[in-house]
Peer 1: 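Questions regarding the structure given below will be posed in turn.
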Amino acid sequence: MRTQVGIVGAGPAGLFLSLLLQRAGIDCVVLESRSRDYVESRVRAGVLEQGTVDLMADLGVDARLRRECMIDAALDIRFSGKLIHLDLPGMSGGKVAHIYGQQEVVKDLIAARLERGGALLFEAEVSRLDGLKSGRPTIHFTHGGKAQMLECDVIAGCDGFHGVCRPAIPADVLTIYDREFACGWLGVLSESPPLAEMTYANHDRGFALASRRSPQVSRLYVQCDPDDDVANWSDARIWDELHIRLGDPGRVELKEGRIFQKGITPVRSFVSAPMQFGRLFLAGDASHIVPPTGAKGLNLAVADVRVLSRALIEYFKTGADARLELYSDTCLKRVWKVVRYSTYMTTLLHRFPGQTAFERQVQLAELDYVLNSHAASTTIAENYVGLPYEED
Ligand code: FAS
Ligand code: PHB
């Protein structure tokens, strides 16, 4: 098999990239280790920045999103019985956030890729990349029980944090920046009407978040130990903690319902640099992960492939490789700004084991400052809806 761009991974990064390249007439093949059902049912993110939604519209894959998404026009932060209410469009020149599950985005992208005749192989597990410094890199994978090889001009490593592409870069070339926070997020989906707004809470017992997927389905999170087990969290315990941490001790505001999905996600920041090596270009979680507190993981993957697709299109159409050479530097500027914001929100909203009384007072003072400062609250609002793409 031979193609111009071999794309490893059919998550948001790989799928958006494939559609952008296909539209420009650049031949690409997507190799995904899991089944279609698996990737389309994997519950993860839910908040789409304006830029992500605009890209979906630009690619003509936003019809269902327009029908089904919910709009975040405000963001609430509760603490010590007080409420920070952020008017997102008023603080960001009219921008809002869109709530639409990542698995729905993935479904729409896969459908478009297949309808448009793009090559997308499921249950195709990539084991090795070769020749990254040559002009003919190869991807070695197994599909249908057979060992296969895909010859490419370029490889896009979109295979997430646990993929094989980042490890294909020699360890002495990569710098790893890593911070594991002393907490995890227990996330649930429930058949219950959501709160009116996206609501974060900093409570003495820990962080909580009330989000949603539809007017009938809530997406709810509570801070837990990083190595906690879902088995330790009965439905009753989850609802108890949510009522307490969200400031609803009388259990009148937050409506309960059947919990039909549970999972624990680590809270971690990780950046590997550079994001390119020879003919390999990493995008999304393959290169970086951010704490979910900022709701940025998926959106940052999209930002990467906007840059990568533009550089690849220029290269294949004109032979100019200046943008490709600058790919990593261009992406890392945004990556670190998003890491900054996600780290700030994580530190602001969580109570970590061992937090001293001094640190707690500083944290509460920061929350009070945001409550009373237009500048401080505007900073959160403009990051939440998504910073402008500087490279435009
Ligand atoms: P992905 O991990 O989505 O996709 C990589 C793809 O590559 C996968 O389909 C994988 O099967 C495939 N792959 C891996 N190895 C391969 C191989 N060897 N061969 C072929 N294919 C291979 N972000 C938020 O903004 N908010 C959230 O609430 C949130 N919750 C999350 C919960 C969990 C459990 C996880 C893991 C992440 C969460 N994230 C969240 C972050 C998440 O949304 C990612 O940022 C997003 O999926 C990044 O997309 P990709 O870079 O495409 O990586
Ligand atoms: C979600 O809806 O899944 C969500 C919302 C806000 C976050 C993280 C996740 O910060």
Peer 1: Step through the shown structure and confirm whether more than 12 heavy atoms of other residues, nucleotides or ligands are within 6.0 Å of OH on Y315.
Peer 2: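 No, OH of Y315 has 12 or fewer neighbouring heavy atoms, counting only those of other groups under 6.0 Å.
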
Peer 1: Give me the one residue out of T142, L120, L121 that meets side chain to side chain contact (heavy atoms under 4.5 Å, CB included) with L31.
Peer 2: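 In the set T142, L120, L121, the residue that makes a side chain to side chain contact (heavy atoms under 4.5 Å, CB included) with L31 is L121.
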
Peer 1: Do Y200 and F79 have side-chain heavy atoms sitting under 4.5 Å apart?
Peer 2: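 SC-SC contact between Y200 and F79 ruled out.
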
Peer 1: How about L59 and R23: do any of their side-chain heavy atoms sit closer than 4.5 Å?
Peer 2: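 With C-beta onward as the side chain, the pair touches.
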
Peer 1: Classify the side-chain pair Q22/R113 by whether it contains a donor and acceptor separated by less than 3.5 Å.
Peer 2: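 Judged by distance alone, the side chains do pair up.
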
Peer 1: Could you tell me whether R351 and D204 have a side-chain N and a carboxylate O separated by less than 4.0 Å?
Peer 2: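 Between D204 and R351 there is a salt bridge, with a charged N closer than 4.0 Å to a carboxylate O.
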
Peer 1: Do I99 and I71 touch side chain to side chain, with heavy atoms closer than 4.5 Å?
Peer 2: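 I99 vs I71: side chains apart.
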
Peer 1: Check this for me: does any side-chain nitrogen of one of R251 and E256 sit under 4.0 Å from a carboxylate oxygen of the other?
Peer 2: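 Between E256 and R251 there is a salt bridge, with a charged N closer than 4.0 Å to a carboxylate O.
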
Peer 1: Any side-chain heavy atom of R268 within less than 4.5 Å of one from F181?
Peer 2: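 The answer is no; the side chains never approach within 4.5 Å.
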
Peer 1: For residues H98 and Y100, establish whether the separation of their ring centroids is below 6.0 Å.
Peer 2: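 For H98 and Y100, the ring centres are not under 6.0 Å apart.
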
Peer 1: Going by an N to O cut-off under 4.0 Å, is there a salt bridge joining R67 and D62?
Peer 2: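 Looking at R67 and D62, the cut-off is not met.
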
Peer 1: Return the CG to OG distance between L86 and S92, rounded to the nearest 0.5 Å.
Peer 2: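 That separation rounds to 10.5 Å.
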
Peer 1: Does atom CZ of F358 have more than 12 heavy-atom neighbours from other groups under 6.0 Å away?
Peer 2: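 Atom CZ in F358 is not crowded, with 12 or fewer foreign heavy atoms closer than 6.0 Å.
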
Peer 1: Please determine, by modelled atom types, if Q223 and E241 share a side-chain donor-acceptor pair under 3.5 angstrom.
Peer 2: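 No, no side-chain donor-acceptor contact under 3.5 Å.
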
Peer 1: Can you classify the ring geometry of W185 versus Y221 as parallel (below 30°), tilted (30 to 60°) or perpendicular (above 60°)?
Peer 2: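 Ring orientation of W185 relative to Y221: tilted.
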
Peer 1: Between E366 and Y344, is any side-chain donor less than 3.5 angstrom from a side-chain acceptor?
Peer 2: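 Yes, Y344 and E366 have a side-chain donor paired with an acceptor closer than 3.5 Å.
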
Peer 1: State whether D235 and R258 are salt-bridged, where the test is any N-O pair (Lys NZ or Arg NE/NH1/NH2 against Asp/Glu carboxylate O) under 4.0 Å.
Peer 2: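 Salt bridge: no.
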
Peer 1: Does the side chain of H143 come within less than 4.5 Å of L150's, by heavy atoms?
Peer 2: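 L150 does not reach H143 side chain to side chain.
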
Peer 1: Counting C-beta onward and ignoring hydrogens, is there a side-chain heavy-atom pair between L195 and E253 closer than 4.5 Å?
Peer 2: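 The answer is yes; the side chains approach within 4.5 Å.
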
Peer 1: Kindly compute the distance separating CG (L129) from CD1 (I169), expressed to the nearest 0.5 Å.
Peer 2: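 Interatomic distance, L129 CG to I169 CD1, rounded to 0.5 Å: 9.5 Å.
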
Peer 1: Measure up the F207 and H350 rings against each other and bin them: parallel (under 30°), tilted (30 to 60°), perpendicular (over 60°).
Peer 2: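 It falls in the parallel class, under 30°.
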
Peer 1: So do the side chains of M91 and V385 get within less than 4.5 Å of each other, counting heavy atoms only?
Peer 2: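 No - every pair of side-chain heavy atoms lies 4.5 Å or more apart.
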
Peer 1: Can the ring centroids of F161 and F270 be said to lie less than 6.0 angstrom from one another?
Peer 2: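 Yes, the ring of F161 comes within the 6.0 Å limit of the ring of F270, centre to centre.
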
Peer 1: For L75, does its backbone N or O pair with a side-chain atom of E197 as donor and acceptor, under 3.5 Å?
Peer 2: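 Not confirmed, E197 side chain does not pair with L75 backbone.
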
Peer 1: Using modelled atom types and a 3.5 Å cut-off, is there a donor and acceptor pairing between side-chain atoms of D248 and backbone atoms of I244?
Peer 2: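 A pair under 3.5 Å: no.
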
Peer 1: State plainly whether the residues D72 and K95 are in salt-bridge range, i.e. N to O under 4.0 Å.
Peer 2: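 Salt bridge absent between D72 and K95.
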
Peer 1: Less than 3.5 Å apart, any donor N or O on the side chain of D304 or H288 sitting next to an acceptor on the other?
Peer 2: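 The answer is yes; a qualifying pair exists.
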
Peer 1: A side-chain contact here means heavy atoms from C-beta on lying under 4.5 Å apart; do V302 and L55 qualify?
Peer 2: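 The answer is yes, as the side chains (C-beta and beyond) meet within the 4.5 Å cut-off.
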
Peer 1: Is a side-chain N or O of H203 found less than 3.5 angstrom from the main chain of R205, in a donor-acceptor match?
Peer 2: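 Answer holds: yes.
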
Peer 1: Go through the structure and list residues passing salt bridge (charged side-chain N to carboxylate O under 4.0 Å, His left out) with K333, not counting sequence neighbours.
Peer 2: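 K333: no salt bridge (charged side-chain N to carboxylate O under 4.0 Å, His left out) contacts found.
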
Peer 1: Among the clusters formed by ILVMFWY side chains lying less than 4.5 Å apart, do V290 and Y341 turn up in the same one?
Peer 2: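 Different hydrophobic clusters.
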
Peer 1: Do the side chain of R334 and the main chain of P388 share a donor and acceptor less than 3.5 angstrom apart?
Peer 2: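 Answer holds: yes.
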
